[in-house]
Enquirer: 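First, the structure itself, so that you have it in front of you.
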Amino acid sequence: QVQLVESGGGLVQAGGSLRLSCAASGRTFSSYSMGWFRLAPGKERDFVAAISWSGGTTKYADSVKGRFTISRDNAKNTVYLQMNSLKPEDTALYYCAAAAGLYRDYVQYNYWGQGTQVTVSS
């Protein structure tokens with residue numbers, strides 16, 4: 001069982017940066033791949049980024065590649081999403097999630113946080 005709590009969201013101007021954190025409880029955190037997803041009003045839940053259990057492999061959505069960086073610190077049971085060059089279309093509720101493998105499909109993720117809101121003003 002893994003419990004996830006996101007933080008770090010907020011209001012930022014276009015071009016700015018934010019770093020999201022996702023703190024996990026449970027001794028098995030390091031055995032899970034972790035992903036970030038986002039949900040904007042009127043849209044489906046979108047894959048943002050994912051990282052393998054070791055941190056050695058990452059995947060990104062094309063829309064964020066080159067702007068966002070996912071990382072993890074297994075000693076701190078935390079996964080991060082560094083978001084740079086933010087755009088108004090990045091506005092969404094951002095969720096972290098845990099899965100047994102490195103997936104883009106949200107249905108493969110077993111554990112979810114409650115989300116943190118990111119709002120980018122133009």
Enquirer: Could you list the donor-acceptor pairs under 3.5 angstrom formed between side-chain atoms of residues 96-110 and any protein atom two or more places apart in sequence or on another chain?
Expert:
| from | atom 1 | to | atom 2 | distance (Å) |
| --- | --- | --- | --- | --- |
| R104 | NH1 | Y60 | O | 3.1 |
| D105 | OD1 | V107 | N | 3.2 |
| Y109 | OH | Y103 | O | 2.6 |

Enquirer: Atom OG of S63 and atom CG of D90: how far apart are they, to the nearest 0.5 Å?
Expert: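 The distance works out to 7.0 Å.
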Enquirer: Quick one: are N84 and Q82 in side-chain contact, heavy atoms under 4.5 Å?
Expert: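 Yes, close enough: below the 4.5 Å cut-off.
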Enquirer: Distance-only, no hydrogens or angles: does the E6 side chain make a donor-acceptor pair with backbone N or O of G115 under 3.5 Å?
Expert: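 Confirmed, E6 side chain pairs with G115 backbone.
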Enquirer: I need the Q117 CD to L11 CG distance, nearest 0.5 Å.
Expert: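 CG of L11 is found 10.0 Å from CD of Q117.
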Enquirer: Check P88 against S122 and note the closest heavy-atom contact, atom names and distance.
Expert: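 The pair with the smallest heavy-atom distance is CG-CB, 3.8 Å.
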Enquirer: Under 4.5 Å between side-chain heavy atoms, counting indirect links through other Ile/Leu/Val/Met/Phe/Trp/Tyr residues: same cluster for L39 and V79 or not?
Expert: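 Each belongs to a different hydrophobic cluster.
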Enquirer: Shared ILVMFWY cluster between F47 and W112, side chains joined below 4.5 angstrom?
Expert: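 Hydrophobic grouping puts F47 with W112.
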Enquirer: Within a strict 4.5 Å, meaning less than it, do heavy atoms of the F68 and W36 side chains meet?
Expert: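 F68 does not reach W36 side chain to side chain.
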Enquirer: Hey, are the side chains of F37 and L93 touching, using non-hydrogen atoms and a 4.5 Å cut-off?
Expert: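 No, side chains not in contact.
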Enquirer: Does some side-chain heavy atom of S33 sit less than 4.5 Å from a side-chain heavy atom of K59?
Expert: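 No; the side chains remain at least 4.5 Å from each other.
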Enquirer: Does R72 make a cation-pi contact with F29 (under 6.0 Å, within 45 degrees of the axis)?
Expert: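 Yes, R72 lies over the aromatic ring of F29.
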Enquirer: Do L81 and V2 belong together in a cluster built from hydrophobic side chains that touch within less than 4.5 Å?
Expert: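 They do share one cluster, since a chain of ILVMFWY contacts under 4.5 Å joins L81 to V2.
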Enquirer: Supply the atom-to-atom distance Q13 CD to S121 OG, rounded to the nearest 0.5 angstrom.
Expert: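 With rounding to 0.5 Å, CD (Q13) is 5.0 Å from OG (S121).
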Enquirer: With heavy-atom distances below 4.5 Å as the criterion, would you say the side chains of M34 and L4 are in contact?
Expert: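 When only atoms from C-beta onward are counted, L4 and M34 do touch, with a gap below 4.5 Å.
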Enquirer: What distance do D73 atom CG and S30 atom OG have between them, rounded to the nearest 0.5 Å?
Expert: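 Spacing of CG (D73) from OG (S30) equals 11.0 Å.
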Enquirer: Would you say the side chain of R19 lies within less than 4.5 Å of the side chain of Y80, judging by non-hydrogen atoms?
Expert: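 With C-beta onward as the side chain, the pair touches.
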Enquirer: With the threshold set at 4.0 Å, does a side-chain nitrogen-carboxylate oxygen contact exist between D62 and K65?
Expert: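 A salt bridge links D62 with K65.
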Enquirer: If I take atom CG from residue L86 and atom CZ from residue R67, how far apart are they, to the nearest 0.5 angstrom?
Expert: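 Result: 6.5 Å between the selected atoms.
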Enquirer: Quick one: are M83 and V64 in side-chain contact, heavy atoms under 4.5 Å?
Expert: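 No, every pair of side-chain atoms sits at 4.5 Å or beyond.
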Enquirer: Which hydrophobic side chains are connected to W53, either touching it within the sub-4.5 Å cutoff or through other members that do?
Expert: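 ILVMFWY cluster around W53 holds nothing else.
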Enquirer: Which heavy atom in S85 sits nearest to a heavy atom in S17, and how many Å separate them?
Expert: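 Heavy atoms of S85 and S17 come nearest at N-OG, 4.4 Å.
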Enquirer: Return the minimal non-hydrogen interatomic distance between T78 and S21, and the atom names on each side.
Expert: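 Heavy-atom minimum between the residues: CG2-CB, 4.3 Å.
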Enquirer: To the closest 0.5 Å, what do you measure between CG (D46) and OH (Y95)?
Expert: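 Going from the CG atom of D46 to the OH atom of Y95 covers 12.5 Å.
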Enquirer: Among pairs that include at least one residue of residues 44-73, which meet disulfide (SG to SG under 2.5 Å), considering only residues two or more places apart or in two chains?
Expert: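 Every pair satisfying disulfide (SG to SG under 2.5 Å) with a residue in residues 44-73: there are none.
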Enquirer: Any chance CD of Q114 has more than 12 other-residue heavy atoms, nucleotides or ligands included, within less than 6.0 Å?
Expert: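 Count over threshold, so yes.
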Enquirer: Check R38 against A92 and note the closest heavy-atom contact, atom names and distance.
Expert: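 Shortest heavy-atom contact: CB-CB, 3.7 Å.
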